[in-house]
**Student:** 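What follows is a single structure, and I will ask about it in a moment.
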There are 2 protein chains.
Amino acid sequence: MPPGQRAPVPALERLATYHRHLLDLEQESVVTISSAEMETHTGIPAAQFRKDLSYFGDFGTPGVGYVVTELRAAIDRILHVHEEQCLLLVGAGNLGAALVGYPGLMEQKFRLVAVFDNNYAKIGRQLWNLEIYDVARLKEINSVLQARIGVIAVPRQAAQEAANALVDAGVNALLNFAPATLRVPSHVMVRNVSFVQELAVLSYHVASVASVEQPSDR
Amino acid sequence: MPPGQRAPVPALERLATYHRHLLDLEQESVVTISSAEMETHTGIPAAQFRKDLSYFGDFGTPGVGYVVTELRAAIDRILHVHEEQCLLLVGAGNLGAALVGYPGLMEQKFRLVAVFDNNYAKIGRQLWNLEIYDVARLKEINSVLQARIGVIAVPRQAAQEAANALVDAGVNALLNFAPATLRVPSHVMVRNVSFVQELAVLSYHVASVASVEQPSDR
DNA sequence: TAGATTGTTAATCGATTAACAATC
DNA sequence: TAGATTGTTAATCGATTAACAATC
């Protein structure tokens, strides 16, 4: 509760998970829920749920639990997803196209407002309902749009350049799909999404399970 | 070095990062590299690099460093990416199509060998060079293919069912793109890739940077 | 040999888990 | 009031960082 301590990033990630489940519960017209019940839904321990929330305030009632709608709304505000968030996308390839068309984005008030590429064959074309702009115009265009989150969906070699352009345009948060280590100023947060890295971890696991011979658990 | 201790998952994730940079260094014909030099490349502290490797053995030479090619090959074997890994994909939507076409996969010896969907409008069609099969045939088909890693790229509502089908077909590692909490047997490892969750963390950051007023660092 | 750099041990840090007094 | 469940403090756990003896 005392805002002296900063919430750990893992707590923020879990907050997003709680949020998703709370939306489900709202749909099912569940009115209140206890931390123990949340545990059965999310698989995250009740103590951790309460601890995570405690970084931001008091949201529950002892002996009762949490009002689903209120808690969902509170997390909306914490994560700042209660109002529309604009996103810029750099890279109009397969992955970029999949992101623009991804229905989960607008479900959560994220809106892709502009797409950029450096390939002249693509510039000026449409990606779904959005025109593809020259990445050289990023700063100019964002001076109007004022988006603060950028999505990088370009090949590895172009990733740093895309990051530079986005930061220069006033973006201070990057979702990076390229398998590259980005250098950014300290006020910019980067979240990497790397399929290949995830697959490597799974690959390690598969090999180790195979070597132990698959136990017949469950 | 003593294999009594199990490597932490964060160490495995970093191993994949080291691997990527070592491939770059090989391209540039760099012969040896020290942990300090790796730090400048990857941004990961030298001490952590050495510690991470120490879970798996001795790979360097005091006073010299690491032979790039040897270390890359050693990590290949640790992550089990030295031989081709077959992947099954469930979900032939936009995201699935982007994954099949993603060049980074085959660069790293991951090969998507079959695509499944439950939409009869899609079954029998081609996705790039692969035929889309009925998800009901997953077990039958994998009894031949023997893939051990599955990729879930279906809508949230269908994710658990896809996971069940994959596990039933002998898969013990899942890369899940659906924003859902999957229940799986304990021998199955799940890695979640959730754009929206990542965006929520970034959204929190953007809001907090804005509230402090952007410092003029860097 | 002297200089460099490893692998490892010990110290630090931070996050998770457990326990419980406060409170509805 | 009695029962339930919170928010928080303290204990535990695990990962990161620092320091250094071993070694090329």
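Basis for what follows: all heavy atoms, side chains included, without hydrogens, waters or symmetry-related copies. No experiment lies behind these values; they were computed from the predicted model shown. Below, chain A is the first sequence line, B the second, and so on; all start at residue 1.
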**Student:** Check whether B:D117 reaches the backbone of B:A92 with its side chain - one donor and one acceptor, N or O, closer than 3.5 Å.
**Tutor:**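 Yes, the answer is positive, given that a donor and an acceptor are paired below the 3.5 Å cut-off.
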**Student:** Please report the distance, rounded to the nearest Å, between CD1 in B:I33 and P in C:dA4.
**Tutor:**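 Those two atoms, CD1 and P, are 18 Å apart.
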**Student:** Backbone N or O of A:Q197 within a donor-acceptor pair of the A:S194 side chain at under 3.5 Å?
**Tutor:**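 Flag set: sc A:S194 to bb A:Q197 pair under 3.5 Å.
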**Student:** Output all residues satisfying side chain to side chain donor-acceptor pair (under 3.5 Å) with A:R72, sequence neighbours left out; order by chain, then residue number.
**Tutor:**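 Only A:E26, A:D76 meet the side chain to side chain donor-acceptor pair (under 3.5 Å) criterion with A:R72.
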**Student:** Within this structure, what is the OH-to-P distance between A:Y66 and D:dA4, rounded to whole angstrom?
**Tutor:**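 Atom-to-atom, A:Y66 to D:dA4, this comes out as 17 Å.
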**Student:** Sequence neighbours left out, what pairs pass salt bridge (Lys or Arg N to Asp or Glu O under 4.0 Å) with at least one residue falling in residues 193-207 of chain A?
**Tutor:**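 Qualifying pairs: A:E198-B:R191.
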**Student:** According to side chain to side chain donor-acceptor pair (under 3.5 Å), who are the partners of A:Y102, at least two apart in sequence or on a separate chain?
**Tutor:**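 With neighbours one apart ignored, the set is empty.
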**Student:** Using distance alone, with no hydrogens and no angle criterion, decide if B:T181 and A:H21 have a side-chain donor and acceptor under 3.5 Å apart.
**Tutor:**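 Result is yes, a qualifying pair exists.
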**Student:** Under the salt bridge (charged side-chain N to carboxylate O under 4.0 Å, His left out) rule, collect the residues that match up with A:K109, sequence neighbours excluded.
**Tutor:**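 Partners of A:K109 by the salt bridge (charged side-chain N to carboxylate O under 4.0 Å, His left out) criterion come out as none, since no residue qualifies.
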**Student:** Identify, with sequence neighbours excluded, every residue that meets side chain to side chain donor-acceptor pair (under 3.5 Å) alongside B:Q146.
**Tutor:**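 By the side chain to side chain donor-acceptor pair (under 3.5 Å) rule, B:Q146 matches B:R148.
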**Student:** Let me know the distance between CZ of B:F59 and P of C:dG7, rounded to the nearest Å.
**Tutor:**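 Between P of C:dG7 and CZ of B:F59: 8 Å.
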**Student:** According to the side chain to side chain donor-acceptor pair (under 3.5 Å) rule, which pairs have a member within residues 38-47 of chain A, sequence neighbours left out?
**Tutor:**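 For residues 38-47 of chain A: none.
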**Student:** Using only side-chain N and O atoms of B:R6, determine if any of them is under 4.0 Å from OP1 or OP2 of D:dG14.
**Tutor:**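 Checking B:R6 against D:dG14: no side-chain N or O falls below 4.0 Å of OP1 or OP2.
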**Student:** Are the side chain of A:T32 and the backbone of A:G65 linked by a donor-acceptor contact shorter than 3.5 Å?
**Tutor:**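 No; zero donor-acceptor contacts below 3.5 Å.
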**Student:** Dot-bracket for DNA chain C, please. Rules: Watson-Crick or G-U, both distances under 3.5 Å, ( ) within the strand, [ ] when a pair crosses earlier ones, | for another strand, . otherwise.
**Tutor:** ..||||||||||||||||||||||
**Student:** Kindly indicate whether the side chain of B:L71, heavy atoms from C-beta on, has any atom under 4.5 Å from the side chain of B:L53.
**Tutor:**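 B:L71 reaches B:L53 side chain to side chain.
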**Student:** State whether the side chain of B:E70 and the backbone N or O of B:V67 hold a donor-acceptor pair below 3.5 Å, judged by distance alone.
**Tutor:**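 Such a contact is absent between B:E70 side chain and B:V67 backbone.
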**Student:** Among residues 68-79 of chain A, which contact DNA chain C at a heavy-atom distance under 4.0 Å?
**Tutor:**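 The answer is none.
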**Student:** Just wondering, do B:V171 and B:V188 contact through their side chains at under 4.5 Å, heavy atoms?
**Tutor:**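 A side-chain contact under 4.5 Å is absent here.
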**Student:** Please compare A:P8 and B:S35 by the position of their nearest nucleotide in DNA chain C and report the one closer to 5'.
**Tutor:**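 Per heavy-atom nearest nucleotide, the more 5' residue is B:S35.
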**Student:** Give me the residues of residues 36-50 of chain A where at least one heavy atom lies under 4.0 Å from an atom of DNA chain C, by number, or none.
**Tutor:**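 Under 4.0 Å from DNA chain C: A:P45, A:A47, A:Q48, A:R50.
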**Student:** Tell me, please, which residues at least two apart from B:N142 pass side chain to side chain donor-acceptor pair (under 3.5 Å).
**Tutor:**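 In terms of side chain to side chain donor-acceptor pair (under 3.5 Å), with neighbours along the sequence ignored, B:N142 is linked to no residue.
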**Student:** Taking side chain as C-beta onward, heavy atoms only, is B:F110 less than 4.5 Å from B:L112?
**Tutor:**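 Not in contact.
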**Student:** Please enumerate all protein N or O atoms sitting under 3.5 Å from an N or O of nucleotides 9-11 of chain D, with distances to 0.1 Å.
**Tutor:**
none

**Student:** Restricting to nitrogen or oxygen on both sides, can you table the protein-nucleotides 21-24 of chain D pairs closer than 3.5 Å?
**Tutor:**
{"from": "D:dC24", "atom 1": "O2", "to": "B:P62", "atom 2": "O", "distance (Å)": "3.4"}

**Student:** Over how many whole Å does the gap from A:R14 atom CZ to C:dT17 atom C1' extend?
**Tutor:**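 A:R14 atom CZ is separated from C:dT17 atom C1' by 11 Å.
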**Student:** After noting the C-alpha distance and the side-chain angles of B:R50 and B:D58, does the key distance pass the salt bridge (charged side-chain N to carboxylate O under 4.0 Å, His left out) rule?
**Tutor:** CA-CA 9 Å; B:R50 297 199 303 276; B:D58 294 5; over 6 Å; no
**Student:** With a 4.0 Å limit, can you tell me whether A:Y55 has a side-chain N or O closer than that to the phosphate oxygens OP1/OP2 of C:dT16?
**Tutor:**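 So the side-chain polar atoms of A:Y55 never come under 4.0 Å of the phosphate oxygens OP1 or OP2 of C:dT16.
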**Student:** Which whole-number value in Å describes the distance from B:D58 CG to C:dT5 P?
**Tutor:**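 Answer to the nearest Å: 18 Å.
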